[in-house]
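Here's the structure we're looking at; comments come further down.
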2 protein chains.
Amino acid sequence: MPEPKSDATEAGKPRRRQARGERRIAQLLEAAAHVFCTTGYAAASTNSIAREAGVSPGTLYQFFPNKEAIAVELGDQLLARWRASYGQAFVPAHFELPLDQLLDAVLDPLIQFNYENPAFSALMHGPDIPGRIARDHDALHSSMLTRVEEILAGYLPAAPEPDITRIAQTTFVIFKSGLDLVLAAEPDQREAYTAELKTVLFRYLEPLVGDR
Amino acid sequence: MPEPKSDATEAGKPRRRQARGERRIAQLLEAAAHVFCTTGYAAASTNSIAREAGVSPGTLYQFFPNKEAIAVELGDQLLARWRASYGQAFVPAHFELPLDQLLDAVLDPLIQFNYENPAFSALMHGPDIPGRIARDHDALHSSMLTRVEEILAGYLPAAPEPDITRIAQTTFVIFKSGLDLVLAAEPDQREAYTAELKTVLFRYLEPLVGDR
DNA sequence: GGCAAACACGAGTCATCGCTCGCATTAATC
DNA sequence: GATTAATGCGAGCGATGACTCGTGTTTGCC
């Protein structure tokens, strides 16, 4: 079962795309991101996405086999961009830093990414997203959790594993909810909320990891 | 426009309910709570609620004018119970306690309530809930925020108002996400996660409020 | 028992939405 | 210019789900 990809390198369905088609796809994905952000995935009708993009429903289905494929393609694009930020945020060099600078190095890129790609949290947080996206999100989630656990295990070699897991999960959900606050804040308050989130995590983790 | 209430004291539609009808209503609300918990509000069909309650769709509409009214009635019941826990959690006597005991006194009842009423968070957190529930939730949310702000203002009389608001909002979202963790944890881990949540809040707030 | 109202049923109605299909238009290649 | 494939359209199909309605059953009251 060949999955629909924008690449023409896929076997099976060597559908040659014209430049016009590529433009339409980008246009439709942008429109879908906008509609998903404002109404959520389930409430977003394919007709409304087509209308937002200024094309007919039939044209939409020229490029996507179904509604889920739109979300999957958009999710893939966002995940690729996310992994870039994620890679930058978790380079091992940062693990040598003192805690406050570690928090800056890890949190700032992730906050900036979510600010620049609001569709990401809209797609990932929705309770009605298609299974493929949910699996991708779970994979991303546990991969980040594992990273946090590795860092913590480095600081706390004596701690039993369940404790590490619990601390990592707690750290992670604090980050996620703090991120929501930062994104929802007025622009002139964003810096203050970012600092507040870092303060919470610093005070929580500092007694655990020591002064470095 | 008279709203449908279970009371017969309402004017306009003096519909006399039999004991059997009251039982059906309770039955239907319980079934709705179960279905909302497992599938969410939007994905819950009225037919599935009726099936879960063991009655026909027509019977359901004998007691509720539409799907929204089911959620509203259920939400009203849950909000009433919540206000009971809420009142117990925020009695002014607790404000004299040292911070760790204050956290115990405030958090434990709220955690217990959410554990015993899982439909509450299902109804309140969903992105697809009817406007009436959303308004109730917003009202509850800001009333609790105000309480937290009042407590903080008592500890920090010199702090400017935006700072108080920001700290209160941060405290609140930490509680909410920590609560989700506690509720999602395995039963034998629940105590540990509860303690972890209190640790986070203690370490965050203790430098602000001092040793008491 | 007799009557009216409340309760119960479930097939059917109606609107919505994902998606299709026949056909028109545009672009690439010769 | 001719041919072919890609692109574009929008009315309409089919499934789903909220809700109705005609009819039958049970309950409260005399």
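Labels below follow one simple rule: chain letters A, B, ... track the order of the sequence lines, proteins then strands, and each chain is numbered from 1.
- Close to D:dA6, at under 4.0 Å from its OP1 or OP2, lies no side-chain N or O of A:Arg24.
- Contact between A:Leu28 and A:Ile49 at its shortest, heavy atoms only, is O-CG2, 4.0 Å.
- The CG atom of B:Leu28 sits 14 Å away from the P atom of D:dC19 (whole-angstrom rounding).
- Within the cation-pi definition used here (under 6.0 Å to the ring centroid, within 45° of the axis), A:Lys67 qualifies as a partner of A:Tyr41.
- C:dT26 atom C1' lies 16 Å from atom CZ of A:Arg17, rounded to whole Å.
- Nucleotide D:dA15 holds its P atom 17 Å from the CG atom of A:Asn66, rounded to whole Å.
- Atom P of nucleotide C:dA8 and atom CG of B:Leu60 are separated by 11 Å, given to the nearest angstrom.
- The CZ atom of A:Arg20 sits 7 Å away from the C1' atom of D:dA6 (whole-angstrom rounding).
- In this structure, CD in A:Gln169 is found 5.5 Å from CG in B:Leu181, a value given to the nearest 0.5 Å.
- Residue A:Thr59 has a polar side-chain atom (N or O) positioned under 4.0 Å from OP1 or OP2 of D:dC9.
- The separation between A:Gln18 atom CD and C:dT26 atom C1' is 8 Å, rounded to whole Å.
- Taking the ring axis of B:Tyr193 as reference, the NZ or CZ atom of B:Lys198 does not stay both within 45° of it and closer than 6.0 Å to the ring centre.
- B:Gly21 comes within 4.0 angstrom of sugar-phosphate atoms only, judged by non-hydrogen atoms across all strands, and of no base.
- You'll find the side chain of B:Val72 stays beyond 4.5 Å of the side chain of B:Asp136, heavy atoms only.
- Computed from coordinates, the A:Asp128 CG to C:dG18 C1' distance equals 15 Å when rounded to whole Å.
- If you check every strand for non-hydrogen atoms under 4.0 Å, B:Gln62 touches a base.
- Within residues 33-56 of chain A, the residues having any heavy atom closer than 4.0 Å to DNA chain D are, in order of number, A:Val55, A:Ser56.
- Position along DNA chain D of the nearest nucleotide to B:Ala19 versus B:Glu68 favours B:Glu68 as the more 5'-ward residue.
- Here the P atom of nucleotide C:dA27 and the CD atom of A:Glu22 are 16 Å apart, to the nearest Å.
- Taking the side chain of A:Pro57 as heavy atoms from C-beta on, and the options D:dT27, D:dG8, C:dC19, the nearest nucleotide is C:dC19.
- Of the N and O atoms on the side chains of A:Glu22 and A:Gln18, not one donor lies less than 3.5 Å from an acceptor on the other residue.
- Using a 4.5 Å heavy-atom threshold, the side chains of B:His125 and B:Phe120 count as separate.
- Applying the 4.0 Å criterion to OP1 and OP2 of D:dT20, one finds that B:Tyr61 has every side-chain N and O outside that range.
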